[in-house]
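Following: one structure in structure tokens, then a few remarks.
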Amino acid sequence: MVKITLKDGSVKQCEQGMTVLQIAEDISKELARNALVAKLNDQIVDLAWSVEEDGTLEIFNFASEEGKNAYRHTTSHILAQAVLRLFPETKLAIGPAIADGYYYDFDTEHTFTPDDLLKIEEEMAKIIKEDLPLVRKEVSREEALAMFKEKGEKYKAELIEDLPADALISTYQQGEFIDLCAGPHIPSTGKIKAVKLMSLAGAYWRGNEKNKMLQRIYGTSFPKKSELDEYLFRLEEAKKRDHRKLGQELKLFAVMDEGPGFPFFFPKGMVLRNELENYWRQIHREWHYEEIKTPIILNRQLWERSGHWDHYRENMYTTIIDEEDYAIKPMNCPGAMLVYNAELHSYRDFPIRTAELGLVHRHELSGALHGLMRVRSFTQDDAHIFMLPSQITEEIKGVIDLVDSVYKLFGFSYHVELSTKPEKSMGSDEDWEMATSALEKALQEKGMDYKINPGDGAFYGPKIDFHLQDSLGRTWQCGTIQLDFQLPEKFELTYVGEDGQKHRPVMIHRVAFGSIERFIGILTEHYAGAFPTWLSPVQVKVIPITERQLAYAQKLAQELFAEGIRVEVDERSEKIGYKIREAQLEKIPYMLVVGDKEMESGTVALRNRKEGDKGSVDFAEFQKKLLEEIKQKK
RNA sequence: GCUGACGUAGCUCAGUAGGUAGAGCGUAUCCUUGGUAAGGAUAAGGUCACCGGUUCAAUCCCGGUCGUCAGCUCCA
């Protein structure tokens with residue numbers, strides 16, 4: 001007998017050699033029926049795993065991450081099996097579970113079409129109906145290599161060869177299909193219920209663009225058809241929030257064929273943008289920044305000096321003026337260095353916080369462009385802070401607080417990453433060490449959770465990145481704080497110290513919004529276009545019921561306008577329902593419906609875009625509340 | 001940049017086994033003055049992304065270019 005400690009802390013006596021599934025059956029029928037995989041001690045295992053000694057056991061169903069992953073992973077094996085049945089010449093690469101499903105990469109002469117996906121789905125359904133058990137087998141490196149080489153599975157053979165010497169190699173077999181796999185898997189193909197293949201895409205073998213491009217099939221699966229339907233419905237809903245779609249519908253912004261990656265802002269989008277910039281200036285004033293503006297085009301010598309000409313050339317647009325090379329700035333820092341050097345500085349001036357809403361241009365790969373999220377020209381809400389080494393940690397903590405206050409205002413959740421020295425970089429290891437630990441110290445003193453991204457820093461220094469989530473669950477880098485020991489050297493920045501001698505200051509680059517354009521894209525999706533009143537391009541629409549109330553409506557609008565409120569009057573001779581519908585679709589926060597009754601009593605019938613008809617209210621009262629709401633940025 | 005799909009009116013999309021195009025929404029004008037998510041009529045609006053080829057004839061077939069989308073790669 002062995003002692004197995006269960007999740008609830010209870011200890012169960014089991015016969016040695018019992019499988020996890022048998023133990024689950026012992027505990028309850030329901031648990032056994034829903035069980036997919038289990039965690040025995042610290043190892044995720046199949047249900048067929050047998051228990052040989054005392055330990056802890058947790059059994060997972062689809063509700064857990066572990067269960068979901070195994071479920072989807074097994075589905076990816078079924079996908080591969082179906083593809084091999086239909087296209088026997090296909091070579092298999094890898095097929096893991098991912099966030100909402102799984103994928104499998106294939107190498108074949110045949111180009112998969114959407115029709116093929118339907119056929120493959122049908123074949124998968126057959127495999128599921130066959131209810132094939134998944135059988136794990138541990139094999140030696142030689143056996144594994146021989147088996148996959150014989151099948152001509154060169155990608156599998158490559159994977160095996162790259163496994164560490166002491167790695168345990170296992171295969172999983174279901175019917176005629178056998179795959180190299182660490183597992184775990186669910187007991188049989190029949191457990192999979194609702195399957196859907198989502199899309200086709202190219203993907204490089206091992207994610208390296210120098211390797212061959214394989215064909216990747218994405219899919220998902222669920223234990224119930226209703227859960228699949230719900231997932232598909234959520235995807236549709238998310239599409240409705242897509243900022244590209246809303247940007248067009250709400251006439252905010254657009255990217256046109258004439259300028260790929262160079263966004264246009266329409267009048268309504270500019271209102272939103274200017275409000276954001278006003279807010280930005282307000283908080284930067286509170287945090288004691290001063291604002292500058294540096295030129296968009298600067299000469300080649302400057303970019304050579306900054307290192308960009310050597311390290312960032314492939315992303316820079318260049319031009320020739322009077323036979324001299326110039327570059328359109330991809331970053332604002334070199335300009336900010338020149339501003340710093342335009343006068344002498346004393347240690348007494350530090351920290352100097354210089355901010356700039358700087359328009360930068362970067363050549364991004366055409367395939368990478370995406371609405372406002374990934375563009376070729378964007379405005380960074382940049383700042384460069386010059387200081388004494390002793391001020392680093394305090395300054396970084398201040399920036400973290402500023403960024404946090406911005407994201408809190410919009411109700412964003414975010415996560416933080418610390419990126420360290422990349423392969424292509426400037427500066428000594430000691431500098432990198434010191435810069436990285438200064439960032440880390442600030443994070444630790446703020447008590448922030450963060451993830452480390454080894455080798456993901458900028459070429460001039462390590463960085464802290466803030467990542468926000470969009471409506472499809474993708475994360476986008478917005479805020480960043482980057483320490484830079486390089487530029488102050490290259491531009492020979494100095495300050496006069498207490499001792500009367502010249503010293504080198506320390507500098508950080510930082511952005512809070514990141515890119516104004518990207519931030520607007522994220523805000524659009526976050527609010528599904530229904531921006532809070534302070535940001536709404538139109539805050540109030542006055543809707544007269546008939547022409548008789550037109551003058552009254554205009555008088556109200558003028559009063560609101562005089563208070564700085566963005567107001568429109570719908571003067572068209574349409575029915576009231578029609579005008580309301582339109583204002584509602586435009587996501588205008590407040591509608592003031594005015595008919596004879598309101599005109600006589602000097603009131604308005606208020607309608608809120610969220611709550612609908614609020615009935616008759618006093619106009620002055622409404623105006624007061626509205627102004628307060630705008631001021632509070634609620 | 002790479003792989004695949006796509007590109008028809010301002011928007012969303014139909015369509016032609018090759019004979020130069022249609023709907024809804026929107027816009028304009030007129031009728032309607034209607035109390036909380038679509039009143040009616042009429043009209044305007046298209047070099048069917050661009051360039052070339054095949055053909056008596058190309059929006060449709062073929063090739064190239066540009067762009068969009070989904071991924072990969074890369075990054076605010």
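Note that the coordinates shown come from a computational prediction; the quantities given were computed from them, not determined experimentally. Numbers restart at 1 for each chain; the letters A, B, ... are given by sequence-line order, proteins then strands.
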Original post:
Can you name the residues that form a salt bridge (Lys or Arg N to Asp or Glu O under 4.0 Å) with A:Glu291, not counting sequence neighbours?
Top reply: A:Arg281
Protein N or O to nucleotides 25-31 of chain B N or O, pairs below 3.5 Å:
residue : atom : partner  : partner atom : Å
B:G26   : OP1  : A:Tyr578 : OH           : 2.6

Sub-3.5 Å pairs of nitrogen or oxygen atoms, protein against nucleotides 6-11 of chain B:
residue : atom : partner  : partner atom : Å
B:C11   : O3'  : A:Gln248 : OE1          : 3.3

Subject >> Most 5' of A:Pro544 and A:Gly371 on RNA chain B, judged by nearest nucleotide >> reply: A:Pro544
Original post:
Taking the C1' atom of each, how far is B:U20 from B:A57, in whole Å?
Top reply: 10 Å
Subject >> side chain to side chain donor-acceptor pair (under 3.5 Å) partners of residues 250-268 of chain A, not counting sequence neighbours, each pair once >> reply: none
Round to the nearest Å and state the distance from [X] atom [atom1] to [N] atom [atom2].
X	N	atom1	atom2	value
A:Glu574	B:A41	CD	C1'	13 Å
A:Asn211	B:G71	CG	P	22 Å
A:Leu117	B:U3	CG	P	19 Å

**OP:** Give the dot-bracket string for RNA chain B, reading 5' to 3', where a pair is Watson-Crick or G-U wobble with both distances under 3.5 Å, ( ) marks pairs inside the strand, [ ] marks pairs crossing earlier ones, | marks a partner on another strand, and . marks unpaired.
**Re:** (((((((..((((.....[..)))).(((((.......))))).....(((((..]....))))))))))))....
Subject >> Side-chain donor/acceptor of A:Tyr204 to base of B:G71, under 3.5 Å >> reply: no
**OP:** Establish, for the pair A:Arg216 and A:Tyr204, whether the NZ or CZ atom is under 6.0 angstrom from the six-membered ring centre and no further than 45 degrees off its axis.
**Re:** no
Return the polar atom pairs (N/O with N/O) between nucleotides 74-76 of chain B and the protein under 3.5 Å, or none.
residue : atom : partner  : partner atom : Å
B:C75   : O2   : A:Arg374 : NE           : 3.0
B:C75   : O2   : A:Arg374 : NH2          : 2.5
B:C75   : N3   : A:Arg374 : NH2          : 2.3
B:A76   : OP1  : A:Lys463 : NZ           : 2.8
B:A76   : OP1  : A:Gln477 : NE2          : 3.3
B:A76   : OP2  : A:Lys463 : NZ           : 3.2
B:A76   : OP2  : A:Gln477 : OE1          : 2.7
B:A76   : OP2  : A:Gln477 : NE2          : 3.3
B:A76   : O5'  : A:Gln477 : NE2          : 3.3
B:A76   : O3'  : A:Gln477 : O            : 2.7
B:A76   : O3'  : A:Gln477 : NE2          : 3.0
B:A76   : O3'  : A:Cys478 : N            : 3.4
B:A76   : O3'  : A:Cys478 : O            : 3.3
B:A76   : O2'  : A:Gln477 : O            : 2.6
B:A76   : O2'  : A:Arg518 : NH1          : 3.4
B:A76   : N6   : A:Glu364 : OE2          : 3.4
B:A76   : N6   : A:Val375 : O            : 2.8
B:A76   : N1   : A:Val375 : N            : 3.2

